[in-house]
**Student:** 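Handing you this structure, nothing more for now.
Position 1 is the first residue of the sequence, and the numbers go up from there. Counting convention: from 1, in listed order, for ligands and their atoms alike. Keep in mind that this is a model prediction, so the values were computed, not measured.
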Amino acid sequence: VKALSDHELDAFVEKALAFLDEHATRRTESARAWGTGPDAIPLLEGSNPDTQMEELASARRWRRLLFEHGYGWLSGPAAYGGAELHPVLDDVFFDLQRGYELPDMSYFGQATRMLGPTIYSHGSDELRRRYLTSLYNGDLVACQLFSEPGAGSDLASARSSAVRDGDDWIVNGQKVWSSFAHVAEVGELLVRTDPAAPKHRGLTMFVVPMDTPGIDVRPLRQMTGSYSFNEVFLDDVRVSDANRIGEVGEGWKVAVATLNSERGAVGARLTNPDAQPLARLLHLALTEGADRGLLDRVAEIVCEDRVVDLLNAAARERLVAGIEPGSEGAITKLKLTQNLTRIAEVSGDLLGPAMSADTGRWGTYAWSEFACSVPGMRLAGGTDEILLSLVGERLLGLPRDPRA
Ligand SMILES: Cc1cc2nc3c(=O)[nH]c(=O)nc-3n(C[C@H](O)[C@H](O)[C@H](O)COP(=O)(O)OP(=O)(O)OC[C@H]3O[C@@H](n4cnc5c(N)ncnc54)[C@H](O)[C@@H]3O)c2cc1C
């Protein structure tokens, strides 16, 4: 990656804003004002079963438009419709979009932030040709088929298996917590191909069309009331060897690449809807008569939010300077989700029962969805405990946690 000059960055921002002004409506201050707009503070992707197909269709239209105008994959190679610009510009452009009224883009987070980069860095030329353009142009929603009932934090003990059969593999097993699997066209599938090998070495990664016979997707209802993740049952699913991402037995390496992209993207607030919990919390604190103790906690939240911004700015500077991202995304994801937890706690203390029983007052009961989503954010992509161990061992060089 080459360094990017201030001049190039400014020129990009000017051009991108002109494009956005032409194709979307700027968010005005009044549209963000208290008591106006949707009374919701979504944190996880909003998969309301009644509206999600409509939301997905408008997200698809927006991605198509972006792609047609060269904004679909700014850092991608021209051969797959990319604009061959500096990688940091994908993030810069995402942030610019926050200033406009746009559909919820989280449906395409897995395609553009996880599976796309993984196929690009670890996939064969054939896979790149087959999938990259459609992962960025809105044709394909992707999902991640990693976790299993007995393999979450300890993902390397995944037991779903693939057995070679000529040019194909036959897959059997069960995945769980697969976000978007109910609307996805493709899945990134981690399976065990060598049960005799040490657990990290017996895994292989595939990309699988979700309409392949033998795949049964069953939505799971969350405590927020919506359905954004699923159980996925795999029963004699035939997957071509041409759909393998990376070498046989190297699935763990590929999974780590995807998880690093995921943590970086979540920490940088590049995957979730633009809920603006902090602005709303400040409003609540000022109008609900917060005492000195609560105001101190709000101040701590504001400072921690700034820490997340600074960590992201530092990550972006490294990228601008041409340094590839590593495991540091774990720190940002940790800091972000710890602060979201504080926000949920303080909003609950401010609102009391109005958070759990709908009084009809704008901006109060909506916090319950936020509070019920925070625990999910602390688990997805690696729990707090797993990320703390990762930071200790990989970034701080502390002694390794005892392993079973
Ligand atoms: C909103 C959401 C979306 C998700 N989306 C996806 C998806 O799209 N695809 C997918 O494959 N998965 C997905 N997941 C699953 C997620 O990756 C797992 O929930 C996560 O890895 C934790 O695994 P687990 O739930 O099995 O918990 P467990 O691994 O059973 O952990 C239980 C508790 O034990 C702690 N623990 C476990 N091991 C250790 C250890 N070694 N040291 C210290 N503490 C430990 C954990 O921190 C946790 O508190 C999603 C989860 C959520 C909540």
Side-chain angles (χ1 to χ4, degrees), residues 42-47 106-115 118 141-160 173-184 186-191 199-200 203 205-208 210 215 217-234 251-252 254-256 258-263 265-266 271-273 330 333-334 336-338 340-341 344 369-394 398-404:
L43 187 58
L44 294 172
E45 52 284 350
S47 274
S106 53
Y107 290 98
F108 291 96
Q110 303 256 355
T112 60
R113 295 273 160 189
M114 295 167 221
L115 183 56
T118 303
V141 172
C143 66
Q144 190 188 93
L145 303 171
F146 289 8
S147 305
E148 298 184 2
S153 299
D154 186 15
L155 181 60
S157 64
R159 292 223 305 244
S160 292
Q174 187 199 337
K175 298 289 173 179
V176 74
W177 315 127
S178 324
S179 307
F180 301 109
H182 58 304
V183 289
V186 285
E188 182 181 356
L189 173 66
L190 183 69
V191 284
K199 65 179 181 179
H200 289 87
L203 297 164
M205 192 71 86
F206 293 89
V207 50
V208 54
M210 292 300 287
I215 299 185
V217 179
R218 301 184 198 164
L220 290 170
R221 190 162 198 199
Q222 294 145 226
M223 62 177 160
T224 54
S226 50
Y227 299 80
S228 62
F229 42 53
N230 307 268
E231 295 180 292
V232 177
F233 294 86
L234 304 150
W252 181 249
V254 183
V256 168
T258 305
L259 291 170
N260 277 342
S261 306
E262 175 172 1
R263 289 163 192 159
V266 172
T271 53
N272 33 309
K333 195 217 154 203
L334 257 176
L336 177 77
T337 52
Q338 284 170 346
L340 292 172
T341 308
E369 183 186 350
F370 179 86
C372 289
S373 300
V374 168
M377 290 288 289
R378 296 178 59 187
L379 302 173
T383 65
D384 288 2
E385 291 78 14
I386 293 302
L387 296 186
L388 283 169
S389 291
L390 196 151
V391 170
E393 293 171 11
R394 302 240 187 101
L398 297 176
R400 282 172 71 89
D401 219 18
R403 296 289 194 272

**Student:** Please indicate whether any nitrogen or oxygen in S153 is less than 3.5 Å from any nitrogen or oxygen in ligand 1.
**Tutor:**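 Yes: some nitrogen or oxygen of S153 is under 3.5 Å from one in ligand 1.
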**Student:** Run the numbers for me: atoms of ligand 1, each under 4.0 Å from some heavy atom of I386, listed by number.
**Tutor:**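 With I386 as reference, the close atoms of ligand 1 come out as 38 (N), 39 (C), 40 (C), 41 (N).
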**Student:** Indicate yes or no: at least one non-hydrogen side-chain atom of T337 is less than 4.5 angstrom from one of V374.
**Tutor:**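 A side-chain contact under 4.5 Å is absent here.
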**Student:** For ligand 1, which atoms have a heavy atom of F146 less than 4.0 angstrom away?
**Tutor:**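 In order of number, 11 (O).
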**Student:** Atom 4 (C) of ligand 1: which of S179, S228, A151 has the nearest heavy atom?
**Tutor:**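 Of the listed residues, S179 has the closest heavy atom.
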**Student:** In the structure I gave you, are the side-chain heavy atoms of T341 and D384 within less than 4.5 Å of one another anywhere?
**Tutor:**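 Sidechains of D384 and T341: no contact.
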**Student:** Evaluate D154 for polar contact with ligand 1, using N/O atom pairs at a separation under 3.5 Å.
**Tutor:**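 D154 vs ligand 1: no N/O contact under 3.5 Å.
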**Student:** Counting each atom of ligand 1 from 1 as listed, which ones have a heavy atom of Q110 under 4.0 Å away?
**Tutor:**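 Matching atoms, with element in brackets: 8 (O).
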**Student:** Please determine, by modelled atom types, if T118 and T258 share a side-chain donor-acceptor pair under 3.5 angstrom.
**Tutor:**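 Per modelled atom types, T118 and T258 side chains form a pair under 3.5 Å.
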**Student:** Can you confirm, on distance only, whether ligand 1 has an N/O atom lying under 3.5 Å from any N/O atom belonging to E385?
**Tutor:**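 Yes, there is a polar N/O contact under 3.5 Å.
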**Student:** Give the numbers and elements of all ligand 1 atoms closer than 4.0 Å to a heavy atom of T383.
**Tutor:**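 In order of number, 22 (C), 46 (C), 47 (O).
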**Student:** Tell me, please, which residues at least two apart from K175 pass salt bridge (Lys or Arg N to Asp or Glu O under 4.0 Å).
**Tutor:**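 Partners of K175 by the salt bridge (Lys or Arg N to Asp or Glu O under 4.0 Å) criterion, ordered by chain and then number, come out as E148.
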**Student:** For S226 and S228, what are the C-alpha separation, side-chain angles and deciding distance, and is it a side chain to side chain donor-acceptor pair (under 3.5 Å)?
**Tutor:** CA-CA 6 Å; S226 50; S228 62; 5.4 Å; no
**Student:** State the atoms of ligand 1, each with its element, that fall below the 4.0 Å cut-off from a heavy-atom position in G152.
**Tutor:**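 Result: 21 (O), 23 (O), 24 (P), 26 (O), 29 (O).
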**Student:** Are K199 and S157 close enough that some pair of their side-chain heavy atoms sits under 4.5 Å apart?
**Tutor:**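 Answer yes - side chains close enough.
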**Student:** If we only count heavy atoms from C-beta on, is the M210 to V141 side-chain gap below 4.5 Å?
**Tutor:**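 Contact flag for M210/V141 side chains = no.
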**Student:** Do any N/O atoms on E148 end up under 3.5 angstrom from N/O atoms on ligand 1?
**Tutor:**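 By distance alone, the answer is no.
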**Student:** Check each heavy atom of F229 against ligand 1 and say whether those closer than 4.0 Å belong to the side chain, the backbone, both or neither.
**Tutor:**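 The answer is the side chain of F229.
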**Student:** Kindly write out the residues that satisfy salt bridge (Lys or Arg N to Asp or Glu O under 4.0 Å) with D401, not counting sequence neighbours, or none if the list is empty.
**Tutor:**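 For D401 there are no salt bridge (Lys or Arg N to Asp or Glu O under 4.0 Å) partners, ignoring immediate neighbours.
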